[in-house]
Number of protein chains: 2
Amino acid sequence: MAPADVPDIVIGRLPIYLRALNFLLEEEREITASQELADKLGISSAQIRKDLSHFGEFGKQGTGYEIKYLREQLRKILKVDQEWDVALVGAGDLGHAIAHYGNFDRNGFHIVAVFDRNPRKIGAKMGRFQILDSESIPTVVQDMHIKVAIIAVPADSAQQVADTLVEAGIQAILNYAPITLNVPPKVRVQYIDPVVYLQRMTYYL
Amino acid sequence: MAPADVPDIVIGRLPIYLRALNFLLEEEREITASQELADKLGISSAQIRKDLSHFGEFGKQGTGYEIKYLREQLRKILKVDQEWDVALVGAGDLGHAIAHYGNFDRNGFHIVAVFDRNPRKIGAKMGRFQILDSESIPTVVQDMHIKVAIIAVPADSAQQVADTLVEAGIQAILNYAPITLNVPPKVRVQYIDPVVYLQRMTYYL
DNA sequence: TAGATTGTTAATCGATTAACAATC
DNA sequence: TAGATTGTTAATCGATTAACAATC
């Protein structure tokens, strides 16, 4: 189910395929084809078939893919057929938006703890969460066996927060701070810096 | 200054280099080397030199790169040595966080108009912005000659918003809605779907 | 059966890296 | 000069695509 040698770039596309399948399912579609997904996603149909072939044979010649079945397979491959507890560090505007973003829960990612180091915020409520002291990250993360964290603190404290999280056992970090983090190779990091995305477009204008 | 044939993937890395240079400048450093940037960014030094060589010769053998100079060159290449007006569509939690995110202004991206279609929000204040009716997107975008937009609406209205924006002359879209947009080839789109980023990491856990 | 679409092979295309002459 | 680092070439590596036999 999880061959060790699947390229990173292939894994990166699977969530996009999954998202498209969810969309088709909502439209109560039952069958799709690599060409249809290709048209929708702006990816070649050959690439979609090749990507999927790393994990098995999910389609039927002459017919295509049963959407429900392929979706379940992708969810298993990506390990999102289970629920994940998530720690959120940073209770500013950004942390607030993240904590209220319904798509996390809807996709099995449950924020279970929100941390901040500002004494004025610690103990206060943010939506349904009581904000915890960042000092308690190690104990809370360890006790709850949390493996996934989101960093939503300013750039100048992000590396320090990352160090604490890694030390506490976090293995995947979604980093909203505009800085490249230094972490051990076993820890995965994904970056969301909207300024970087805008700068990738202005070049072409 | 802008050779037509520079690979997309190279352009994608330039903002990361720029971010690292800004960071070094704040530490009052004056000179850096491809190897130092490589260590900081987890990219090979050869790749950094090769990427830069698409645009000119910015370093000195034996010495490295003058940080201020290289930074200015990258800003020119990416066209972020100028100010950009940005339209924001969607005044929910996410739109709120985006409108208040200081890094946009700090990097020359100025949100100048915020739109929503909810009658309860239209006319209300969100921070320093008065929320405008989405119906007015065409006129406002055209009158202000806005070229860059951010979509922060739910998935089910994102495509429609994108169509309106493109029609109004928008050429670059930063899309926070969890859906692949269908736009003409001349329009650039960048995607930020945090769920996708989380799903790219759980595979490895 | 005829038509359609998969899974897979082999070829092509493109990106990364190693290495080093040039040169500061 | 000796040491260091760039810019660039050529080789390597890896990803994408075209094409088609297999098969539903």
Side-chain angles (χ1 to χ4, degrees), chain A residues 1 3-17 20-21 24 29-74 77 180 185 200 203, chain B residues 1 3-17 20-21 24 29-74 77 180 185 200 203:
Chain A
M1 182 59 63
D5 57 343
V6 179
D8 235 62
I9 198 160
V10 171
I11 303 303
R13 282 189 293 261
L14 299 186
I16 307 296
Y17 302 160
L21 294 171
L24 288 171
R29 292 280 309 282
E30 295 189 349
I31 303 284
T32 188
S34 60
Q35 188 56 58
E36 183 182 35
L37 290 170
D39 292 342
K40 279 189 184 294
L41 301 177
I43 290 176
S44 81
S45 65
Q47 180 161 83
I48 293 173
R49 294 198 301 278
K50 184 124 221 286
D51 285 353
L52 297 177
S53 76
H54 283 100
F55 302 95
E57 308 190 355
F58 305 122
K60 255 196 198 126
Q61 280 99 330
T63 310
Y65 300 91
E66 219 250 299
I67 296 171
K68 257 191 198 157
Y69 176 73
L70 181 55
R71 171 176 184 270
E72 277 322 295
Q73 296 308 308
L74 285 182
I77 292 164
T180 301
R200 281 175 183 162
Y203 171 81
Chain B
M1 184 56 68
D5 58 342
V6 179
D8 235 62
I9 197 161
V10 172
I11 304 303
R13 281 189 292 261
L14 300 187
I16 307 294
Y17 301 160
L21 293 171
L24 288 171
R29 294 280 309 281
E30 296 189 349
I31 303 283
T32 187
S34 60
Q35 188 57 57
E36 182 183 38
L37 290 171
D39 292 342
K40 281 191 184 291
L41 301 178
I43 289 176
S44 82
S45 65
Q47 180 160 83
I48 293 173
R49 294 197 302 277
K50 185 123 220 287
D51 285 352
L52 296 178
S53 76
H54 284 98
F55 302 95
E57 308 190 354
F58 305 121
K60 255 197 198 129
Q61 280 99 327
T63 309
Y65 300 91
E66 220 248 298
I67 295 171
K68 257 190 200 158
Y69 176 73
L70 181 55
R71 173 177 183 270
E72 276 322 296
Q73 297 307 308
L74 285 182
I77 293 164
T180 301
R200 281 176 183 162
Y203 172 82

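Letters A, B, ... mirror the listed sequences (proteins, then strands); counts begin at 1.
If you take CG on Leu21(A) and CD1 on Ile16(A), they are separated by 11.5 Å, rounding to the nearest 0.5 Å. Taking NE2 of His54(A) as the start and CG of Asp5(A) as the end, the distance is 7.0 Å to the nearest 0.5 Å. Atom CG of Asp39(A) sits about 11.0 Å away from atom OG of Ser44(A), to the nearest 0.5 Å. Annotation: the span from Leu74(B) atom CG to Tyr65(B) atom OH amounts to 10.0 Å, rounded to 0.5 Å. Put simply, CZ on Arg71(B) and CG on Leu24(B) are 11.5 Å apart, with the number rounded to the nearest 0.5 Å.
Mapping Thr63(A) and Asp8(A) onto DNA chain D by nearest heavy atom places Asp8(A) at the nucleotide closer to the 5' end.
The span of DNA chain D lying next to chain A, judged by atoms under 4.0 Å from heavy atoms, is bounded 5' to 3' by dA15(D) to dC24(D).
Sorted by first and then second residue, the salt bridge (Lys or Arg N to Asp or Glu O under 4.0 Å) pairs involving residues 40-65 of chain B (not counting sequence neighbours) are Arg13(B)-Asp51(B).
Contacts between residues 36-49 of chain B and DNA chain C, defined by a heavy-atom separation under 4.0 Å, are made by Ser44(B), Ala46(B), Gln47(B), Arg49(B).
With sequence neighbours excluded, no residue forms a side-chain hydrogen bond (donor to acceptor under 3.5 Å, both in side chains) with Glu66(B). With sequence neighbours excluded, the residues satisfying side chain to side chain contact (heavy atoms under 4.5 Å, CB included) with Glu72(A) are Arg75(A). Under the rule for a side-chain hydrogen bond (donor to acceptor under 3.5 Å, both in side chains), Gln61(A) has no partner lying at least two apart in sequence or in another chain. Under the side chain to side chain contact (heavy atoms under 4.5 Å, CB included) criterion, Ala20(A) pairs with Leu37(A), Leu41(A), sequence neighbours left out.
Consecutive Watson-Crick or G-U pairing (both distances under 3.5 Å) extending over three or more pairs maps onto DNA chain D as C:3-24 with D:3-24.
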